[in-house]
Amino acid sequence: MLYLILFLPLLGSFISAFFYKKIGEKSCQIITSAFIVIGAILSSIILLETIKTGKNYEYPILNWITSGSLKLHWSIYVDSLTAVMLVVVNSVSALVHIYSIGYMSHDPHKPRFMSYLSLFTFMMLSLITADNFLQLFFGWEGVGLASYLLIGFWFKKESANNASMKAFIVNRVGDLGLLIAMFLIFKTFGTLNFGEVFSQAADQSKNSIKIFGGEYNLITTICIFLFIGAMGKSAQILLHTWLPDAMEGPTPVSALIHAATMVTAGVFLVARCSPLFEYSQYALNLVAFVGATTAIFAASVAIVQTDIKRIIAYSTCSQLGYMFFAAGMGAYNVAIFHLFTHAFFKALLFLGAGSVIHAFHDEQNIEKMGGVWKKIPLTYALMLIGTLALTGFPLLAGFYSKDAIIESAYFSKSLFAGYAFVIGVTTAFITSIYSWRLVFKTFHGKYNNSMSFEKVHESGPVMIIPLILLAVGAIFSGYVFHEIFIGENTKFWGKAIFFLKQTAHGHPPLWLMILIPTLVIFAIPLSFILFLKRKDIVEGFVNNNKPFYNFLLKKWYFDELYDLIFVKSFRGIGNFLWQRGDVKTIDAYGPDGLAKVVKNLSDRASRVQSGYLYHYATVILIGLILIISFLIIL
Amino acid sequence: MNFPILSFLTFFPLVGVIFILLRRGSDEVVERSSKTISILVSIINFIVSLFLWSKFDQSISGFQFVEETKWIKNFVSYKMGIDGISIFLVLLTTFISPLCIFAAINSLKKRIKEFLIAILIMQTFMIGVFCALDLFLFFLFFEGGLIPMFLIIGIWGGERRVYSALKFFLYTFLGSIFMLIAIIAIYWNMNTLDLVKLMGSKIPENLQYWMWIGFFISLAVKLPMWPVHTWLPDAHVEAPTPGSVILAAILLKISGYGFIRFSLGLFPIASHYFANFVFVLSVVAIVYASLVALMQTDMKKLIAYSSVAHMGYVTIGIFSFTKQGIDGAIFQMISHGLISSSLFLCVGVLYDRVHSRLIQDYSGVVNIMPKFALVFVFSSLANVGLPGTSGFVGEFLTLIGTFKVNYIVSIFAATGVILSAAYSLWLCKRVVFGEFKVNNHGEKLLDLDLTEIAILFMLMILTILFGVYPNLILEPISSSVDLIVKNLGAVK
């Protein structure tokens with residue numbers, strides 16, 4: 001069964017890539033989608049099974065690398081953590097596959113698109129079913145590849161090509177961190193298999209390592225490098241710049257890769273390595289700090305953007321921040337729970353946004369929409385559900401997970417708990433504001449597009465049905481699963497997530513339980529006034545605080561800074577080394593210089609052979625005199 | 001007596017050359033039969049080498065298939081043999097050669113017969129280099145290979161072919177002199193040039209240092225290491241496509257092989273002594289060449305610089321003296337042989353159609369040539385070292401091996417991971433993606449033909465195969481590498 005789950009997407013991808021001429025576009029779409037749907041159904045069975053029995057599955061497939069003490073194999077390993085991820089990945093992927101049939105109906109490269117999507121699914125599955133670091137890394141880079149291909153899917157667009165390249169390279173920076181972490185683990189633990197590494201964690205926790213002149217705790221060092229990897233993939237602050245640009249890809253891609261699955265791989269990594277992180281409070285503090293900072297940073301940027309997809313992208317970035325700071329509090333299960341619920345409502349929002357973009361014939365600027373909620377009521381309703389779930393409206397999915405995160409910060413005693421708590425609450429409020437801003441600007445107010453109003457149309461059932469299913473997930477996934485995932489006495493996680501000390505539980509005080517829903521609900525009328533009724537307030541504020549507004553609009557100037565520090569300087573150095581180093585130094589003094597010297601000498605030598613007899617006679621004479629005098633002196 | 005399979009592999013191409021030379025008739029007939037003969041010869045050779053592989057006993061750490069006859073009394077013996085370290089390099093040679101011959105027949109326009117002869121002679125020398133177990137014999141093959149390569153660049157090259165050919169020759173020849181001196185010195189001191197005997201006896205320590213330097217200069221030039229790498233970009237740019245392939249896939253590997261065989265095998269003490277020196281040069285090579293590659297405007301130069309960087313991984317792996325490092329280095333050599341061949345062939349495909357190697361002359365090739373785009377992007381990603389391709393396994397093993405010994409070197413070398421992504425993807429972006437625009441002079445751009453597809457897809461499949469199941473290579477080489485690591489550990 002697990003083999004089917006893992007390899008069907010690969011098979012689908014292969015068929016769609018190489019045999020589309022034989023079987024036709026339609027069958028490609030059907031085959032790939034059907035394969036993933038099968039996978040999704042099987043994954044749900046496995047999740048139920050794991051919930052019931054707590055069983056782990058382990059199937060080795062093939063030896064991979066054997067080199068001395070380094071022994072690695074391809075294998076499938078499923079525990080409760082993996083089972084949750086299986087459901088997330090396969091169900092969202094299945095819905096996105098189906099949705100794409102409608103969304104990409106006008107695109108000439110449908111088989112290629114489906115092939116990439118399935119390839120991505122395969123890579124993501126091999127990431128989450130890994131039982132060693134290297135297979136995880138295979139999936140890790142593999143999803144990066146799929147993301148690269150899919151962002152650059154419309155290869156004629158210059159911006160898409162730039163974005164795909166940027167995504168891959170920025171991710172590679174993170175991957176370097178992960179690589180170094182693996183090197184460290186192999187050097188000190190002598191293995192890269194999860195089980196063997198984690199079982200040694202306790203023994204190694206007091207050891208230290210000397211790096212760059214200082215002496216640091218071994219586990220902390222490893223965890224920090226692991227986390228750098230996670231930051232790259234999950235677009236945390238400093239390594240986040242690729243995610244908004246990644247929106248150049250088709251919208252289904254954004255929903256699948258850049259919201260629900262790939263970007264959450266970093267959170268998965270941290271949860272998977274909880275046996276290591278638990279022994280390093282320092283690393284956990286770092287995770288919490290970075291997560292919290294990202295949460296508020298991304299939210300603050302989201303509030304001023306005008307591109308519908310970019311707003312949701314920054315929102316994703318911010319929600320990932322939430323997950324990390326939950327993990328940093330030691331509440332890995334809460335982080336995974338939020339990952340789980342977030343997958344549904346964020347995919348819903350993205351696909352809904354795709355439906356809106358479709359309705360407006362490829363318009364993405366929310367300033368150029370408005371007043372169409374009656375025209376596309378289904379999309380509108382579904383977007384509303386997504387928004388409510390995201391903002392944490394009571395009883396919807398986000399409510400359970402987000403509250404749990406903020407509570408975990410409230411109860412935690414770690415260094416950044418206070419910081420995280422304040423940011424958590426503030427960001428929840430900002431999240432509401434920017435989400436409702438999006439809804440109001442898109443669906444309400446005056447119609448504001450050059451295209452005629454009549455042309456705005458609702459999407460077909462192929463696109464709407466997946467949205468409805470996601471909406472069901474966005475409504476119920478929190479309510480149904482919160483006992484299992486984060487309930488006080490849950491046995492679900494078993495050994496998959498390791499808690500050194502029991503996370504602090506308790507009943508949050510009443511004011512906290514009321515505070516967040518109140519803020520969230522209060523944000524609705526507030527944004528209604530700010531962004532619909534009294535636009536002048538916002539405009540006035542913007543005009544009075546131009547620098548601050550630009551700071552947010554330009555995303556805290558990260559891109560400009562990086563362009564200056566890395567892109568330009570590296571090109572400069574490259575050119576310098578080539579022109580000054582190779583051409584003007586090595587070649588000039590090396591082979592060319594040598595050649596010049598030799599030529600010079602031979603020129604002189606040839607000048608001696610002038611052909612005049614008296615020249616030769618003189619030389620002979622001088623020579624004779626020299627030899628004779630030499631002999632005489634001796 | 002057993003069938004002398006190594007000698008057969010080595011000299012069979014020469015037999016082919018004789019056949020070609022014996023053919024008489026009109027030019028057309030001769031040309032056609034020379035094509036047939038060289039294809040036949042190279043394929044038979046490949047099949048024989050597969051047979052060799054099947055008979056190879058991977059549990060033996062020493063040499064197998066040894067053949068020995070006296071040649072010059074008390075001085076040189078004709079001694080051939082292979083072990084885990086050389087077997088895949090022999091296979092790589094016999095595999096790449098027919099591909100080159102097909103590519104040459106497909107793309108070359110002038111003097112095909114002579115070119116095929118040069119390739120076949122080249123093949124003899126290359127296989128000989130990997131099989132020779134006598135230093136003098138090794139040197140003969142080592143130097144002999146220069147001549148056909150010199151001719152390939154000098155005759156079939158581009159506009160600046162004479163400059164490049166001379167530069168190539170000067171560099172490598174100057175380097176070789178030092179090796180020759182070292183070999184002579186070894187003979188005077190040890191009274192033998194037999195590699196097996198030399199490995200058994202300990203060379204005096206003070207001698208080792210000088211011998212090591214002599215070998216190092218020669219091998220470093222051929223690898224090439226920074227700062228003696230500047231001949232490579234020029235040679236590649238001017239060489240015709242099949243020449244570039246041989247140069248990148250096989251010629252560069254001789255040095256890696258030489259480092260393991262001679263530097264580590266004969267001068268272990270000196271190798272330990274100089275290890276850090278090699279590390280520094282290699283790391284500089286990786287970072288420096290990657291940065292320079294980033295700014296290249298000529299596709300072949302870009303790939304050439306990327307080769308310099310990739311060879312840097314080979315040397316750090318070798319001089320880490322760890323099992324993983326040396327395994328990785330050998331693997332990286334094979335893998336780079338496949339990937340760089342594929343890349344150079346890709347550039348050749350474009351050059352055949354448009355007659356330009358400049359990046360700026362291309363854009364959006366994928367619109368017209370989707371199959372080509374697939375291969376090109378795939379090869380670039382393999383060059384970047386994407387897991388699942390053979391490029392990753394080599395890089396990973398060398399780096400993890402090196403990390404055990406010297407983490408700083410490993411971390412700096414690992415930055416190449418980012419830089420290689422930068423230059424490879426940027427290349428793809430500029431050439432393959434975007435709106436279609438090519439500066440050709442009215443020729444029609446056609447997608448890959450059948451020969452090209454066959455060659456490139458074969459390379460692609462092998463790249464994936466070795467990436468997913470690298471034990472195909474790692475297992476057979478294991479016991480030989482173990483032996484070397486053990487010997488190195490013993491002198492420490």
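Since the structure is predicted, the reported quantities are computational estimates derived from the model, not experimental observations. Just so we're on the same page: letters track the sequence lines, and every chain starts at 1.
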Does the distance from a Lys or Arg side-chain N to an Asp or Glu carboxylate O, for A:E158 and B:K429, drop under 4.0 Å? yes
Checking B:D482 against chain A: side chain, backbone, both or neither under 4.5 Å from a heavy atom? neither
Chain A heavy atoms under 4.5 Å from B:L174: which part of the residue, side chain, backbone, both or neither? side chain
Could you check whether any side-chain heavy atom of [X] comes within less than 4.5 Å of a side-chain heavy atom of [Y], counting everything from C-beta outward?
X	Y	value
B:F392	A:F137	yes
A:F155	B:N367	yes
B:L399	A:F183	yes
B:F396	A:L134	yes

Specify whether A:Y148 and B:F433 have parallel, tilted or perpendicular ring planes, treating 30° as the upper limit for parallel and 60° as the lower limit for perpendicular. perpendicular
Measure the acute angle between the ring planes of A:F18 and B:F457, then classify it against the limits of 30° and 60° as parallel, tilted or perpendicular. perpendicular
Using a 4.5 angstrom heavy-atom cutoff, name the option from B:S290, B:P227, B:A414 with the most pairs to chain A. B:P227
Between chain A and each of B:V228, B:I477, B:V481, B:V468, count heavy-atom pairs under 4.5 Å; write down the option with the most. B:V468
Given heavy-atom pairs under 4.5 angstrom as the criterion, report whether the side chain, backbone, both or neither of [X] touches chain B.
X	result
A:I61	neither
A:L70	both
A:S69	both

Around atom NZ of A:K187, are there more than 12 heavy atoms from other residues, nucleotides or ligands closer than 6.0 Å? yes
Testing the basics here: between A:G68 and B:K323, what is the closest heavy-atom pair and its distance to 0.1 Å? N-CE, 3.3 Å
Shortest non-hydrogen contact between A:I65 and B:P470, atoms and distance: CG1-CG, 3.7 Å
To the nearest 0.5 Å, what is the distance between [atom1] on [X] and [atom2] on [Y]?
X	Y	atom1	atom2	value
B:T415	A:L176	OG1	CG	7.0 Å
A:F138	B:L386	CZ	CG	8.0 Å
A:I180	B:I400	CD1	CD1	12.0 Å

Full working for side chain to side chain contact (heavy atoms under 4.5 Å, CB included) between A:I169 and B:W426: CA-CA 10 Å; A:I169 294 171; B:W426 199 27; over 6 Å; no
Main-chain N/O of [Y] paired to [X] side chain as donor or acceptor, under 3.5 Å:
X	Y	result
B:N471	A:T66	yes
A:R172	B:A421	no
B:Q324	A:S67	yes

Closest-packed option against chain B by number of heavy-atom pairs under 4.5 Å, given A:W140, A:W154, A:W74: A:W74
